[in-house]
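Take a look at the structure below.
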Protein chains: 2
Amino acid sequence: MKPLEQRIAGTKPKDVFRQIYLHGTVSRQQLNEEGPLTASTLTRTLDELAEGGWIREVGFGESSGGRRPILYEVQPRSGLLLGLDISRTGARLVLCDMQLRPLHTRTWPMDRELTPERLIGRVEACVNEWIGKTCSRDELLGLGVGAVGPLQAAEGIILDPLHFPAPGWGNVPIARLLEERLELPVLMDNGANAAIWGEYLTSEQKYAHLLYVNAGIGLRSASISNGQVIYGAADMEGSVGQMIIQTDGWPPRDPGGNYGSWESYASIYALERRAAAAVRMGRETSLAGRSEQGEVSFGILLEEAAKDDPVARELLQECATYFGIGLANLINILHPEKVVLGGPLVTGHPSFFRIATQVATRKTYHYPQYVPIFGTSKREDEAIAVGAAALLLRKLWS
Amino acid sequence: MKPLEQRIAGTKPKDVFRQIYLHGTVSRQQLNEEGPLTASTLTRTLDELAEGGWIREVGFGESSGGRRPILYEVQPRSGLLLGLDISRTGARLVLCDMQLRPLHTRTWPMDRELTPERLIGRVEACVNEWIGKTCSRDELLGLGVGAVGPLQAAEGIILDPLHFPAPGWGNVPIARLLEERLELPVLMDNGANAAIWGEYLTSEQKYAHLLYVNAGIGLRSASISNGQVIYGAADMEGSVGQMIIQTDGWPPRDPGGNYGSWESYASIYALERRAAAAVRMGRETSLAGRSEQGEVSFGILLEEAAKDDPVARELLQECATYFGIGLANLINILHPEKVVLGGPLVTGHPSFFRIATQVATRKTYHYPQYVPIFGTSKREDEAIAVGAAALLLRKLWS
DNA sequence: TATATTTATTTCAATTTGGAATTAAGATCA
DNA sequence: TGATCTTAATTCCAAATTGAAATAAATATA
């Protein structure tokens with residue numbers, strides 16, 4: 001088990017590898033112009049990387065007369081990356097090649113059974129199965145974990161994952177346990193940071209200032225500035241949800257939370273509460289017939305909205321509006337070039353994204369030079385797991 | 001006019017210079033442990049820096065038996081830095097030594113007279129005066145500008161400084177103009193970024209995750225993550241003020257602004273409006289007697305609050321509460337280790353800081369490992385100008 | 001086909017580097 | 001006060017790295 005940061009030897013090869021990675025496909029000229037290396041040093045470095053199997057020549061570029069430049073890209077099978085997503089709804093393990101294309105996926109629901117010990121066991125079994133099937137053991141570079149917070153990411157400890165059904169999830173040094181069992185390097189970060197990092201690395205267009213928001217039961221967000229994930233002193237992706245958008249507004253989900261928090265207005269939790277209230281108030285809606293003990297699940301609400309139930313649609317619209325307001329706040333603070341939205345709430349109904357981004361655009365302070373672009377997470381369900389795998393790359397070239 | 005980044009030759013000396021700068025005073029051992037340089041290379045680099053006059057030996061450190069290590073620090077007069085703060089209320093020019101201690105200051109009110117051309121003239125005259133008095137021309141390394149946004153900082157252009165009384169301030173390439181006139185390198189950033197950078201560099205304790213909020217007529221903020229100022233795609237320090245803390249709440253200051261924005265609840269502007277409303281409503285307060293055409297100025301409100309006028313105090317308290325709410329939102333998003341508050345609103349009345357931080361603490365999602373520290377800007381009025389001067393350092397060692 | 005242009009590779013002297021050995025300067029203890 | 005020990009700074013040299021120039025290769029153009 002060689003430490004990741006020693007897999008590629010020397011700072012120059014690492015830098016060049018990163019450059020090639022971020023470009024996708026590059027000529028020597030481009031590398032020369034951007035980086036500090038001279039032509040001869042670059043040749044030596046590229047040779048070294050090619051010899052180590054990290055990169056490959058992939059054809060020739062265009063040239064305005066004269067010899068055509070050789071193009072380089074990362075060798076997709078120079079290593080394999082494992083990514084594990086531990087969320088409130090389930091766990092997901094992904095095996096990716098070096099270009100972050102998923103080769104295999106497996107998911108487990110987060111139920112009463114899934115203790116940390118059992119999850120580790122299943123991950124191990126799954127990895128061993130894949131080793132037999134598609135790859136050898138020493139191709140695996142390591143495992144990245146994207147977990148729900150609060151965490152101590154650097155130490156690989158999940159501090160207190162609220163609302164996990166199985167016991168034993170408090171203060172688990174999950175990274176160390178996985179490291180020991182799998183005998184592979186393990187890195188950890190929160191899910192939102194992992195997702196945004198994966199999103200950044202896999203996007204064609206590299207927007208250096210990104211904002212990612214995942215809306216599900218709660219709200220999670222992360223951001224990138226100048227191509228680097230922004231870290232605070234604490235690792236709590238979920239605390240954006242505590243942002244107040246209505247001073248002394250609706251009550252919080254958890255006792256310690258804020259009245260009028262974003263989460264209490266724009267999340268699956270908020271929607272379900274509003275739906276239950278609508279049923280309780282006796283509003284004329286098909287939701288009433290489908291409620292169980294006065295509760296309406298998110299799934300049913302989506303179905304009824306798709307069937308054009310006016311109350312369901314109104315609730316979704318209201319939720320999207322509030323979501324847009326919180327989004328505008330984030331944009332006004334962070335000024336991203338691009339905003340990536342993900343999570344079941346955003347993808348559940350086609351109009352949600354449109355309404356939310358319209359509201360956000362209207363409430364954002366903008367002038368001609370600055371207009372943020374909105375988009376949805378491409379990989380959606382796999383975003384966190386793939387991003388977690390991508391954490392390893394950062395270490396590889398650090 | 002040598003480019004700043006070429007003043008110190010070579011990446012190693014630059015790195016070491018930065019390290020010494022950030023430490024204040026260091027031994028060779030510490031530099032050795034942190035940086036990648038070996039003992040012999042470090043000796044060579046330190047010699048080079050000492051020869052160039054950038055650093056000096058300053059005494060000996062402690063040792064547990066044996067020879068005591070030599071301590072190094074930056075030579076305060078290895079250069080002089082100019083900082084210019086262009087704000088809505090006035091302009092301020094500061095001359096600092098390399099340890100960012102101000103040697104001279106001059107201020108000009110932002111009135112009808114202060115066109116860009118005239119400001120440049122005054123700055124030039126002032127610099128020439130200082131050159132005669134305390135320093136030689138070639139000691140000056142350059143001029144840093146901290147201006148109100150929106151800007152194009154990299155290009156040194158002030159796009160559209162709202163509410164400047166003098167004409168001619170739209171789309172001014174102020175950095176280029178100053179560069180031509182002074183024949184010195186000029187760098188520019190927004191005032192909040194400048195202030196937080198200065199605050200970071202001059203603080204004893206280097207908190208790597210900082211948040212700075214300046215509350216005056218409007219609200220300006222900036223933040224540092226991992227020792228680096230966070231930049232977005234746009235340069236608009238003032239747009240935090242557009243953060244919504246009360247959906248469809250009080251009306252905005254400017255037509256394009258948001259209803260219920262932080263700025264419309266927690267700024268001098270908001271306070272004055274509330275005070276005027278209180279007088280209009282005929283509340284029993286000494287503010288009524290001191291109002292002019294129904295308007296109450298911030299200064300008078302502070303005076304009456306100091307005299308224990310209940311309405312004035314209530315208004316301040318209300319304002320501080322809302323300020324604390326917005327602050328909590330920022331903290332929940334950015335998780336700073338330390339929060340630095342500045343501006344006339346914060347320093348105007350002793351209770352404002354206390355109330356605001358209490359509210360912010362209560363509304364912040366925290367767990368035992370994370371409790372942000374609050375403090376006020378040390379240099380207060382000079383913070384932006386000194387920070388602007390400090391921008392030059394970043395270039396010097398880049 | 002010759003020439004110009006652009007890119008890739010090789011070569012070699014000059015510089016830079018890392019480590020070991022040496023020197024220097026306290027601190028401790030008898 | 002002097003011997004011994006500990007740690008820091010300096011010096012020196014072989015080995016590695018580097019940058020620039022020269023050469024080679026491939027393509028477009030006349």
Side-chain angles (χ1 to χ4, degrees), chain A residues 3 5-6 8-20 23-75 397, chain B residues 3 5-6 8-20 23-75 397:
Chain A
E5 62 273 26
Q6 288 174 27
I8 300 178
T11 56
K12 268 170 292 170
K14 283 178 181 175
D15 279 355
V16 171
F17 183 73
R18 191 187 64 234
Q19 264 189 84
I20 296 177
H23 274 95
T25 311
V26 256
S27 68
R28 185 179 303 213
Q29 258 61 29
Q30 283 175 276
L31 295 170
N32 205 341
E33 279 162 28
E34 283 180 29
L37 302 185
T38 58
S40 26
T41 314
L42 199 54
T43 299
R44 284 186 274 260
T45 310
L46 287 171
D47 283 355
E48 212 171 299
L49 281 171
E51 195 140 326
W54 295 105
I55 61 169
R56 66 180 183 191
E57 300 182 1
V58 78
F60 299 94
E62 290 305 306
S63 158
S64 57
R67 190 167 170 176
R68 298 166 69 195
I70 301 172
L71 295 181
Y72 298 88
E73 67 167 25
V74 294
Q75 173 74 48
W397 61 50
Chain B
E5 62 273 29
Q6 288 175 25
I8 300 177
T11 55
K12 268 171 292 173
K14 281 177 183 176
D15 279 354
V16 171
F17 184 72
R18 191 187 64 237
Q19 265 189 83
I20 296 178
H23 273 95
T25 311
V26 255
S27 69
R28 188 178 300 212
Q29 259 59 29
Q30 283 176 276
L31 295 170
N32 206 343
E33 279 163 28
E34 285 181 27
L37 303 185
T38 58
S40 28
T41 313
L42 199 54
T43 299
R44 282 186 275 259
T45 310
L46 287 171
D47 283 354
E48 213 171 298
L49 280 171
E51 193 140 329
W54 295 104
I55 60 168
R56 64 180 184 193
E57 299 183 2
V58 78
F60 298 94
E62 289 306 307
S63 160
S64 56
R67 188 168 172 177
R68 300 166 69 195
I70 300 173
L71 297 180
Y72 298 87
E73 68 167 25
V74 294
Q75 173 74 48
W397 62 51

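As the structure is a prediction and not an experimental result, all values here were calculated from the model.
L31(B) pairs in a side chain to side chain contact (heavy atoms under 4.5 Å, CB included) with only one of the listed residues (V26(B), D15(B), T45(B)), which is V26(B). Residue W54(B) forms a ring pair (Phe, Tyr, Trp, His ring centres under 6.0 Å) with just one option from Y72(B), W397(B), F17(B), and that option is F17(B). Shown are E34(A), E73(A), R18(A); of these, the side chain to side chain donor-acceptor pair (under 3.5 Å) with H23(A) is made only by E34(A). When the options I8(A), I55(A), T41(A), L37(A) are evaluated for a side chain to side chain contact (heavy atoms under 4.5 Å, CB included) with V16(A), the one that passes is L37(A).
Checked against dT10(D), dG19(D), dA8(C), the side chain of P69(A) finds its nearest nucleotide in dA8(C). Nearest nucleotide to the side chain of S40(A), out of dT17(D), dT9(C), dA20(D): dA20(D). For I70(A), the listed nucleotide lying nearest its side chain is dA8(C); candidates were dG19(D), dG26(C), dA8(C).
Following rounding to the nearest Å, N32(A) (CG) and dT18(D) (C1') show an atom-to-atom distance of 14 Å. Between the CG atom of L42(A) and the P atom of dT17(D) there is a distance of 16 Å, rounded to whole Å. Put simply, OH on Y72(B) is 13 Å from P on dA8(D), counting in whole angstrom units. Between E57(A) atom CD and dT9(C) atom P there is a gap of 7 Å when expressed in whole angstrom units. At whole-Å resolution of the value, CG in L46(A) and C1' in dT18(D) are 16 Å apart. When rounded to the nearest whole Å, the span between CZ of F60(A) and P of dT6(C) equals 19 Å. What separates CZ of R44(B) from P of dT17(C) is a distance of 7 Å, to the nearest Å. With rounding to whole Å, D47(B) atom CG is found 14 Å from dT16(C) atom P.
Counting heavy atoms from C-beta outward, E5(B) and K14(B) have side chains that approach closer than 4.5 Å.
The phosphate of dT9(C) has OP1 or OP2 within less than 4.0 Å of a side-chain N or O from R28(A). Note on Q29(B): every side-chain N or O is 4.0 Å or more away from OP1 and OP2 of dT7(D).
Side chain R67(B) to base dA9(D): no donor-acceptor pair is found below 3.5 Å.
Among the protein residues, T41(A) comes within range of the sugar-phosphate backbone only, with heavy atoms under 4.0 Å from sugar or phosphate atoms but none that close to a base.
Nucleotides of DNA chain D nearest to T38(A) and S63(A) differ in position, and the one nearer the 5' end is that of T38(A).
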